[in-house]
Amino acid sequence: MVRAYAGGPVLGIETSCDETSAAVVSAVGLIGHVILSQDAHERFGGVVPEIAARAHLRRLDDVVSAALAEADVAPEDIDGVGVTAGPGLIGALLVGLNWAKGFAWAREVPFVAVHHMEAHLHANSVESPEATPPFVALLVSGGHTMLLHVPAWGDYRLLGETRDDAVGEAFDKVARTFGLGFPGGPEIERAARRGRPGVYRLPRPMLSGSDAPGDAAWFDFSFSGLKTAAALLAEDVRARKGDDGLERAVPDLAAEFQAAVLDVLVAKTRRALESTGCQRVLLGGGVARNGRLRERFESELGAVRVHVPPPRLATDNAAMIAHLARRRLLEGERAGLDLNADPAYPFPGLTPFRGTSCIPN
Ligand code: KG4
Ligand code: ZN
């Protein structure tokens, strides 16, 4: 018999991609948190699903034990469990989900499934309780790019999303064509610091002057063409100047690519703020670690309050999972042991944007 949630510490598990992570959140906040990033994927230039799943399986026990030790909480004092059920890599998700089910069943505590991107949205409020709706949110990760209006928790209005590649995916793939390592986001950011945008020119996709509010393209994104343009540019530099020439050009190429992406992200977010009248904007997902993105949001979006998660809570982590799971458990939610992982797990409460506003009427 599963007990009702008693309000005590909640264990969160995240294994959707290549971070094995466990966290403990109690009434006082985050008290234990361990993230183990798998570096076995570096030499493949991308995450290899089978390697990821096997690595989670090998390490999850130890990662949970370390998080519990840091929290100074014994397994029998855990009152509930939260786990990412999707979206993500199916093999990787199954490891975390089955671990969490086994723990919840053995200890007779309730467990809840968490949507990975909804958790990225809640990552800000793990340490900043004032990061609450209404707000506009930009979620930018390796797998997703979403612009949302959030009038209230659980009410997610989709303004725009990517039509092809996610922002993080574009960073990772372009880094590869520039001869940089994986993951590409931090590599491009580092190289861009030594370069100047404008030395080379890349397009700003979906920012055509002819778009107007109401057009489908107004809030949507597309990064696949930009990715190809960056690859062709790098090829052209290599053809004219050789490998050494390309290496010397990488800082300027990286600065231009980063500027092109950020121009689009800033412009679309500004449109969202104008359409909704929101005074608050939240960033979430791994790309939110980008320092230049943070700076530009703070300097270019006017007087609105910008919330950016601390770097450790921006990329994949179990703190955001435990935090959202505890909220759900307090609301009385439970998942059954028949719950399955789903690579396309639907975002709960997501509906199309239909002109909702932050301004009370
Ligand atoms: O949220 P996340 O950890 O995993 C997914 O849910 O996908 O995001 C990972 C993505 C990767 O594509 C990585 O290159 C990108 O976040 N990323 C960055 C930076 N740090 C990580 N992108 C741009 N600049 C960064 N500093
Ligand atoms: Zn993520």
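When a ligand or atom number is given, it counts from 1 through the structure's own listing order. This structure is a prediction, so every number in the text was calculated from the model and none was measured.
Assignment of H116 to the shell around ligand 1 is supported, since a heavy atom sits closer than 4.0 Å. In this structure, H144 has no heavy atom closer than 4.0 Å to ligand 1.
Heavy-atom proximity to G286, at under 4.0 Å, picks out these atoms of ligand 1: 1 (O), 2 (P), 8 (O), 16 (O), 17 (N), 18 (C), 19 (C), 20 (N), 21 (C). Using a 4.0 Å cut-off to heavy atoms of G142, the atoms of ligand 1 that qualify are 5 (C), 7 (O), 8 (O), 9 (C), 10 (C), 12 (O). Contact atoms of ligand 1 toward G168: 12 (O) (distance under 4.0 Å to a heavy atom of the residue). Contact atoms of ligand 1 toward P183: 14 (O) (distance under 4.0 Å to a heavy atom of the residue). Atoms of ligand 1 lying under 4.0 Å from any heavy atom of G143, numbered from 1 in the order shown and given with element: 7 (O). The atoms of ligand 1 that sit less than 4.0 Å from any heavy atom of H120 are 1 (O), 6 (O). Below 4.0 Å from some heavy atom of D172 lie the following atoms of ligand 1, by number and element: 11 (C), 12 (O), 13 (C), 14 (O). Residue E189 has at least one heavy-atom neighbour below 4.0 Å for each of these atoms of ligand 1: 25 (C), 26 (N).
No salt bridge links E118 with R327; every basic N to acidic carboxylate O contact stays at or beyond 4.0 Å. The existence of a salt bridge linking R305 and E130 is confirmed by a sub-4.0 Å separation between a basic side-chain nitrogen and an acidic carboxylate oxygen. A salt bridge does not link E274 with R271: none of the charged nitrogens is closer than 4.0 Å to a carboxylate oxygen. Salt bridge status for R193 with E189: present, with a side-chain N to carboxylate O gap under 4.0 Å.
The protein heavy atom nearest to atom 24 (N) of ligand 1 is N290 ND2, 3.0 Å. Regarding atom 3 (O) of ligand 1, its nearest protein heavy-atom neighbour is D316 N, 3.0 Å. Counting only heavy atoms of the protein, atom 22 (N) of ligand 1 lies nearest to G185 CA, 3.3 Å.
Contacts of V199 classified as side chain to side chain contact (heavy atoms under 4.5 Å, CB included), with partners at least two apart in sequence or in another chain: R196, D252. Partners of C17 according to the disulfide (SG to SG under 2.5 Å) rule, which considers only residues two or more places apart in sequence or in another chain, do not exist here.
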ask   = Step by step, would you call R240 with D236 a salt bridge (Lys or Arg N to Asp or Glu O under 4.0 Å)?
value = CA-CA 6 Å; R240 288 186 292 111; D236 179 59; 3.2 Å; yes
request  = Might you work through the salt bridge (Lys or Arg N to Asp or Glu O under 4.0 Å) test for R204 and E256, ending with a clear yes or no?
outcome  = CA-CA 10 Å; R204 272 58 179 162; E256 174 64 8; 2.7 Å; yes
request  = Could you please spell out the steps behind the side-chain contact (heavy atoms from CB on, under 4.5 Å) verdict for K101 and F111?
outcome  = CA-CA 7 Å; K101 279 188 194 176; F111 94 102; 3.6 Å; yes
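Around the Zn ion (ligand 2), the protein N, O or S atoms closer than 2.8 Å are H116 NE2, H120 NE2, D316 OD1, listed by chain and residue number.
Using bins of under 30°, 30° to 60° and over 60° for the plane-to-plane angle, the ring pair F347/Y156 lands in the perpendicular bin. Below 30°, between 30° and 60°, or above 60°: for H323 and H122 the angle between ring planes is between 30° and 60°, a tilted geometry.
Of the candidates P311, G291, P186, P186 brings a heavy atom nearest to atom 19 (C) of ligand 1.
Grouping Ile, Leu, Val, Met, Phe, Trp and Tyr by side-chain contacts under 4.5 Å, direct or through others, puts L324 with V114, M320, I321.
Atom CZ of F297 is separated from atom CG of L262 by 8.5 Å, given to the nearest 0.5 angstrom.
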